[in-house]
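Worksheet: the structure to be examined is printed underneath.
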Amino acid sequence: MSTDGLSARQRVRALLQTGVDRFGVEVGFLAQIDLAESTHRTVAAVGAHPKLQRGAEADLPDTYCRELVTQSEALSIENAEEQGWTTDPA
């Protein structure tokens with residue numbers, strides 16, 4: 001992340017791309033969560049997920065992130081259907 005000449009936005013995107021590459025996932029994103037308003041806003045993203053693009057907004061209860069903000073450990077959902085999340089609004 002110490003690459004000279006990159007803007008803050010470019011550095012975030014590079015970091016997200018590194019995560020996508022390293023973990024072998026299709027999308028990486030940075031979200032801003034407003035607990036008081038119960039909202040989720042995508043600040044930056046890499047990948048082609050239509051709902052996770054820069055500027056996209058969602059109600060927090062309709063996202064997997066609602067689970068993440070309530071626990072003190074990492075949350076990994078690789079295949080929602082196989083992991084029992086088929087009826088989840090996210």
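What you see is a predicted model; the values in this text were computed from it and never measured.
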Separation between CD of Q17 and CD of Q10, rounded to the nearest 0.5 Å: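 It is 13.5 Å, given to the nearest 0.5 Å.
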Have N79 and Q83 got a donor and an acceptor in their side chains that come within less than 3.5 Å?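 The criterion, which ignores hydrogens and geometry beyond distance, is not satisfied for Q83 and N79.
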Please name the pair of heavy atoms, one in [X] and one in [Y], separated by the smallest distance, quoted to 0.1 Å.
X   : Y   : value
D34 : E37 : OD1-N, 2.9 Å
H49 : K51 : ND1-N, 3.0 Å
A45 : R54 : CB-N, 4.5 Å
T63 : A90 : C-CB, 3.7 Å
Q53 : G47 : NE2-O, 3.1 Å

Only pairs under 3.5 Å count here: list side-chain donor-acceptor contacts from residues 69-77, not counting sequence neighbours, and write none if there are none.
| unit_1 | atom_1 | unit_2 | atom_2 | d |
| --- | --- | --- | --- | --- |
| T70 | OG1 | E67 | O | 2.8 |

Answer whether the closest heavy-atom distance between the side chains of S38 and P61 falls below 4.5 Å.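 Side chain of S38 against side chain of P61, heavy atoms only: contact under 4.5 Å found.
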Does the side chain of T39 reach to within under 4.5 Å of the side chain of L60, using non-hydrogen atoms?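 Contact flag for T39/L60 side chains = no.
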Side-chain heavy atoms under 4.5 angstrom apart, residues restricted to Ile, Leu, Val, Met, Phe, Trp, Tyr: same cluster for [X] and [Y]?
X   : Y   : answer
L68 : I33 : no
Y64 : L30 : no
V25 : V46 : yes

List, by chain and number, the other hydrophobic cluster members for L52, where Ile, Leu, Val, Met, Phe, Trp and Tyr join if side-chain heavy atoms come within less than 4.5 Å, directly or indirectly.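 Answer for L52: V27, F29.
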